[in-house]
Amino acid sequence: MSDAVFTVAFYVFSAVTVLAALGVVLKKNLVHSALLLILAFVGVAGIYVLLQADFIAAVQILVYAGAVAILVAFGVMLTKRGDIRESNLANRQKWPALFVVAGVFAVIYALLGQTNWGPLAAAGPEDSVGILATLMLTDFVVPFETAAILLTVAMLGAIVIAKEVKNSK
Amino acid sequence: MLQQYAGIGAMLIIAIVFPIIVIAISSIVRPKKAAKYKYETYECGLETQGETWVQFKTNYFMYALVFVAFDVETVFLYPWAVKFMSLGTFAFIEMFIFIAILVIGFWYAWKEGALEWN
């Protein structure tokens with residue numbers, strides 16, 4: 001019973017992700033593409049949940065479906081364009097694109113072939129978030145605080161780039 | 001663990017099915033041919049002028065940038081909040097330092113006028 005639910009859920013999330021990703025490329029309206037991108041991110045988060053990586057799933061929802069999608073939506077809003085209904089048209093790079101995609105697919109396929117898909121020796125932890133929290137706040141305090149500095153630097157850098165630098169007096 | 005997500009799954013199914021039912025019922029009940037004014041952007045009030053899709057002010061992007069930084073911070077807050085009771089005072093101080101470092105960035109953004117509207 002549980003296995004069947006798992007399989008059905010996997011195929012539903014996969015279908016949602018793939019169809020949404022196709023929609024991102026094929027939709028002619030850039031706003032629709034941006035919204036479908038969020039749906040694709042949420043589908044990937046569902047697959048993470050099925051892989052028992054619930055922290056990664058939360059990060060996927062928070063950062064990708066939340067923040068990255070907001071950035072994309074703002075990018076769409078801020079760009080100057082003509083008719084929004086014709087803002088995401090196909091261009092003439094069909095054959096170069098096919099070439100690149102075939103290359104990427106070949107690499108992924110080769111790596112898939114090399115991976116050992118056998119069952120894991122030990123079952124994954126029940127509470128991955130709790131283990132992460134304990135590790136992060138005891139053994140890895142310095143990297144944790146460094147992440148805060150990195151975030152601050154990234155924010156400051158973004159502000160400096162977005163608002164041109166003030167002349168020093 | 002998957003059982004705990006059954007609630008979210010049920011919620012997801014309701015969220016997908018409910019709008020379908022509502023839209024289907026409304027398409028049965030509503031009049032087929034709407035009055036002319038139904039097709040206007042605002043049924044009453046002033047008529048719209050110019051393009052609907054305009055370029056927005058770039059000021060919005062500063063808010064988005066600051067939001068993204070604090071959104072990533074939330075990712076670190078989440079495991080800390082889950083284990084808050086068992087981690088003790090030291091973890092609380094660590095998180096205090098973590099947030100203090102980010103508040104410095106926020107203070108800089110404020111000082112530079114990134115959040116000002118002009």
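The model shown is predicted, which means the values in this text are computed figures rather than measured ones.
Shown here for B:A69 and A:L151, the closest heavy-atom pair between the two residues is O-CD2, 3.8 Å. A pairwise comparison of heavy atoms in A:A65 and A:V42 identifies CB-CG2, 4.1 Å as the closest pair. The two atoms that bring A:A34 and A:V72 nearest to each other are CB-CG1, 4.0 Å, heavy atoms only. Between A:A57 and A:A45, the shortest heavy-atom contact is CB-O, 3.6 Å. Taking every heavy atom of both residues into account, A:L39 and A:V16 meet most closely at CG-CG1, 3.9 Å.
Below 4.5 Å, heavy atoms of chain B meet heavy atoms from A:F144, A:E145, A:A147, A:A148, A:I149, all part of residues 142-149 of chain A. Residues of residues 93-101 of chain B having a heavy atom under 4.5 Å from any heavy atom of chain A, listed by number: B:E94, B:M95, B:I97, B:F98, B:I101. Residues of residues 7-31 of chain B lying within less than 4.5 angstrom of chain A, judged on heavy atoms, are B:L12 in numerical order. Contact annotation for residues 76-90 of chain B against chain A (heavy-atom separation below 4.5 Å, listed by residue number): B:F76, B:Y78, B:P79, B:W80, B:V82, B:K83, B:L87, B:F90.
Aromatic rings of A:F55 and A:Y48 (six-membered ring for Trp) have centroids beyond the 6.0 Å cut-off, not under it. For A:W95 and A:F99, the ring centers are positioned 6.0 Å apart or more.
Interatomic distance, A:K27 NZ to A:L22 CG, rounded to the nearest 0.5 Å: 12.0 Å. With rounding to the nearest 0.5 angstrom, the CG atom of B:L65 is 12.5 Å from the CZ atom of B:F70. Atom CD1 of A:I38 is separated from atom OG of A:S33 by 11.5 Å, given to the nearest 0.5 angstrom. Separating the NZ atom in B:K111 from the CD1 atom in B:I104 is a distance of 13.0 Å, to the nearest 0.5 Å. Here the CG atom belonging to A:N29 is positioned 9.0 Å from the CG atom belonging to A:L35, to the nearest 0.5 angstrom.
For the set A:L156, A:T138, A:I131, the entry with the most heavy-atom pairs within less than 4.5 Å of chain B is A:L156. Chosen from A:V129, A:V68, A:V63, the residue pairing most often with chain B at heavy-atom distances under 4.5 Å is A:V129.
A:I70 touches chain B through its side chain: at least one heavy atom from C-beta onward sits under 4.5 Å away, while N, CA, C and O do not. Using a 4.5 Å cut-off between heavy atoms, A:Y64 does not touch chain B at all. For A:A158, the parts sitting under 4.5 Å from any heavy atom of chain B are the backbone and the side chain alike.
Cluster annotation: A:L19 and A:V44 are assigned to distinct hydrophobic clusters (Ile/Leu/Val/Met/Phe/Trp/Tyr, side-chain heavy-atom contacts under 4.5 Å, transitive). A:L26 and A:L30 are assigned to two separate hydrophobic clusters, defined by single-linkage of ILVMFWY side chains at heavy-atom distances under 4.5 Å. No continuous path of ILVMFWY side-chain contacts below 4.5 Å connects A:V101 to A:V24, so the two sit in separate hydrophobic clusters.
Other residues, nucleotides and ligands contribute over 12 non-hydrogen atoms within 6.0 Å of the CZ atom of B:F67.
Checking side-chain atoms of A:Q60 against main-chain N and O of A:F41 turns up a donor-acceptor pair under 3.5 Å.
Here the side chains of A:M155 and B:Y108 are not in contact, with every heavy-atom distance at 4.5 Å or above.
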| Step-by-step side chain to side chain contact (heavy atoms under 4.5 Å, CB included) determination, B:F61 to A:L71 | CA-CA 8 Å; B:F61 204 66; A:L71 274 187; 3.8 Å; yes
